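Every chain is numbered from 1, with letters handed out A, B, ... down the list of sequences. This one's a predicted model, so the numbers in the text were calculated from it and none came from an experiment.
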Protein chains: 2
Amino acid sequence: MMTSASTEVSPPDADLLRVLADPLRLRIVTLLARETLCTTHLVEETGARQTNLSNHLRVLREAGVVETAPCGRFTYYTLRPDVLAALAGSFTELAEAARTTYENDRKRPCP
Amino acid sequence: MMTSASTEVSPPDADLLRVLADPLRLRIVTLLARETLCTTHLVEETGARQTNLSNHLRVLREAGVVETAPCGRFTYYTLRPDVLAALAGSFTELAEAARTTYENDRKRPCP
DNA sequence: CTTTCACATCAGCGTTGACTGACACCAGCC
DNA sequence: GGCTGGTGTCAGTCAACGCTGATGTGAAAG
C-alpha cells in the first residue's frame, strides 16, 4: 500500500546538492569512490593546496558525505555509499515522474 | 562489451549540479516533475517574484533541463526527463563504486 | 626532547551569484 | 488602434562562497 500522497516525490536535499556542486568537491568525491585516500594523496591527485582541500573536506564531512579515519599522522577519507545511493534514488523518482508527465502531456490549464 | 577503463565512472556534470543546487530552482524542478506549468502557476506556487522566476527559468533552459512551449500569452515549461535520468544514472554508478570501495576496504597505502 | 610532517583552523580578500526595479516586447481583448 | 496582462531582458546591489597565507596541534622520527 502506498502513502496518502501518491504523486508526491521526495526531492533531493538542496544542501547536499550545493555541497556536491563545487567542481573540486565533486572531483574529490569521484576519486574517493574508487579508493579510500588521505589528504596527501588528494593533494597530488588534484594539485590543490592542502589548506584548500582541508576546507572542502570539512564541508563534505559536515554534510555527512565522507567519514574520517585517523591512521598515524595521516587521515583517511572514506565515502559514505548510502548518502549517494539516497541521492540517486531521489533523482530516479524525479526522472520517472517527469517521464510520466512528459509522455501523458499532463499540464495545468491556463487560469 | 565495456569500454577500456572499467574502474572509471562517468561523474555527474558539475554545471548541471550547480544549476540544480539552488533551492528555488530545485523547487521549480520538483513542481514541473508532476505537471507542466506556466510562469503564472509557478509564481503562485513558490511565492517568488515573476522576474526572479524568469531568471531562474532561463538558467534551467540554458542548462537543457526544461523546454518551453508558448501557448497564447502564456509560456509552458516542461521538464526534460532524460537529463534527470542521466544524472540519476551517474549517481547510481558513483554509489555502487563507493559501496564496493567501502565493503572491500580498498585504500591506497601511506606514501 | 627537539624536529619534522600531516592536518586543521582562522582572518582576509576577490569573485560569483541571487534578488530587485525599471523597461521592452508580444499576444489577445475592448 | 488602444489597452491590458503575461514574459523576457538589463543594470545595480548585497550577501555567500571559494582561495590563500599564517598559525596552531598532535603524532612519529631522530
Side-chain angles (χ1 to χ4, degrees), chain A residues 13-32 35-79 107-111, chain B residues 13-32 35-79 107-111:
Chain A
D13 186 15
D15 291 332
L16 177 59
L17 278 180
R18 217 195 96 269
V19 167
L20 296 179
D22 183 83
L24 183 51
R25 283 198 288 263
L26 190 59
R27 178 105 179 84
I28 294 173
V29 167
T30 306
L31 288 171
L32 290 182
E35 51 182 347
T36 295
L37 300 170
C38 55
T39 313
T40 309
H41 296 135
L42 291 172
V43 167
E44 43 185 51
E45 287 284 347
T46 63
R49 307 291 179 93
Q50 182 266 328
T51 303
N52 192 9
L53 278 176
S54 187
N55 282 326
H56 284 294
L57 287 170
R58 180 160 59 100
V59 174
L60 289 172
R61 194 189 326 137
E62 291 177 351
V65 180
V66 299
E67 284 179 354
T68 65
C71 171
R73 295 182 304 181
F74 300 89
T75 303
Y76 274 99
Y77 282 88
T78 310
L79 211 55
K107 60 173 63 177
R108 189 182 300 185
C110 303
Chain B
D13 186 15
D15 291 332
L16 178 58
L17 278 180
R18 219 196 96 269
V19 167
L20 296 179
D22 183 83
L24 184 50
R25 283 197 289 263
L26 189 60
R27 178 104 179 86
I28 293 173
V29 168
T30 305
L31 288 171
L32 290 182
E35 51 182 347
T36 296
L37 300 171
C38 55
T39 313
T40 309
H41 296 134
L42 291 172
V43 167
E44 43 185 52
E45 287 284 347
T46 63
R49 307 291 180 91
Q50 181 268 329
T51 303
N52 193 9
L53 278 175
S54 185
N55 282 327
H56 284 294
L57 286 170
R58 180 159 58 100
V59 174
L60 289 171
R61 194 189 326 136
E62 291 177 351
V65 180
V66 299
E67 284 178 355
T68 64
C71 171
R73 296 181 304 179
F74 300 90
T75 303
Y76 274 98
Y77 282 88
T78 309
L79 211 56
K107 62 173 63 177
R108 188 182 301 186
C110 304

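Without hydrogens or angle criteria, A:Ser54 side chain to A:Gln50 main chain gives no donor-acceptor distance under 3.5 Å.
Taking atom CG on B:Asn55 and atom P on D:dG8, their separation rounds to 10 Å, with Å as the unit. Nucleotide D:dG18 holds its P atom 9 Å from the CG atom of A:Asn52, rounded to whole Å. Atoms CG (A:Leu20) and C1' (D:dG18) sit 16 Å apart, rounded to a whole Å. As rounded to whole Å, 12 Å separates atom P of D:dG18 from atom CD of A:Glu62. Rounded to a whole Å, the CG atom of A:Leu60 is 10 Å from the P atom of D:dG18.
Comparing A:Cys71 and A:Val59 along DNA chain D, the residue whose closest nucleotide (by nearest heavy atom) sits nearer the 5' end is A:Val59.
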Give every pair of a protein N or O atom and an N or O atom of nucleotides 5-8 of chain C that lie under 3.5 Å apart, one pair per line with the distance.
| unit_1 | atom_1 | unit_2 | atom_2 | d |
| --- | --- | --- | --- | --- |
| C:dA6 | O3' | A:Arg73 | O | 3.4 |
| C:dC7 | OP1 | A:Thr39 | N | 3.4 |
| C:dC7 | OP1 | A:Thr75 | N | 3.0 |
| C:dC7 | OP2 | A:Thr40 | N | 3.0 |
| C:dC7 | OP2 | A:Thr40 | OG1 | 2.7 |
| C:dC7 | O5' | A:Thr39 | OG1 | 3.4 |
| C:dA8 | OP1 | A:Tyr77 | OH | 2.5 |
| C:dA8 | OP2 | A:Ser54 | OG | 3.0 |
| C:dA8 | N7 | A:Gln50 | NE2 | 3.2 |

For nucleotides 13-17 of chain C, tabulate all protein N/O to nucleotide N/O atom pairs closer than 3.5 Å, reporting atom names and distance.
| unit_1 | atom_1 | unit_2 | atom_2 | d |
| --- | --- | --- | --- | --- |
| C:dG17 | OP1 | B:Arg18 | NE | 3.2 |

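Screening residues 70-79 of chain A for salt bridge (charged side-chain N to carboxylate O under 4.0 Å, His left out), with sequence neighbours left out, gives no hits.
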For this session: Evaluate the criterion side-chain contact (heavy atoms from CB on, under 4.5 Å) for residue pair B:Arg27 and B:His56; output intermediate values, then yes/no.
Result: CA-CA 11 Å; B:Arg27 178 104 179 86; B:His56 284 294; over 6 Å; no
Exercise. When you look at A:Tyr77 and A:Thr68, which way does the side-chain contact (heavy atoms from CB on, under 4.5 Å) test go after all the steps?
Worked result: CA-CA 5 Å; A:Tyr77 282 88; A:Thr68 65; 3.5 Å; yes
Problem set entry | Stepwise side-chain contact (heavy atoms from CB on, under 4.5 Å) check, B:Thr51 with B:Asn55 | CA-CA 6 Å; B:Thr51 303; B:Asn55 282 327; 4.1 Å; yes
Problem set entry | Step-by-step side-chain contact (heavy atoms from CB on, under 4.5 Å) determination, B:Leu32 to B:Thr78 | CA-CA 6 Å; B:Leu32 290 182; B:Thr78 309; over 6 Å; no
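Nearest heavy atoms, A:Pro109 versus B:His41: O-NE2, 3.1 Å.
Taking 4.0 angstrom as the limit, A:His56 places none of its side-chain polar atoms (N or O) nearer than this to OP1 or OP2 of D:dC17.
Once rounded to the nearest 0.5 Å, the distance linking CG of A:Asn52 with CG of A:Leu42 reads 11.5 Å.
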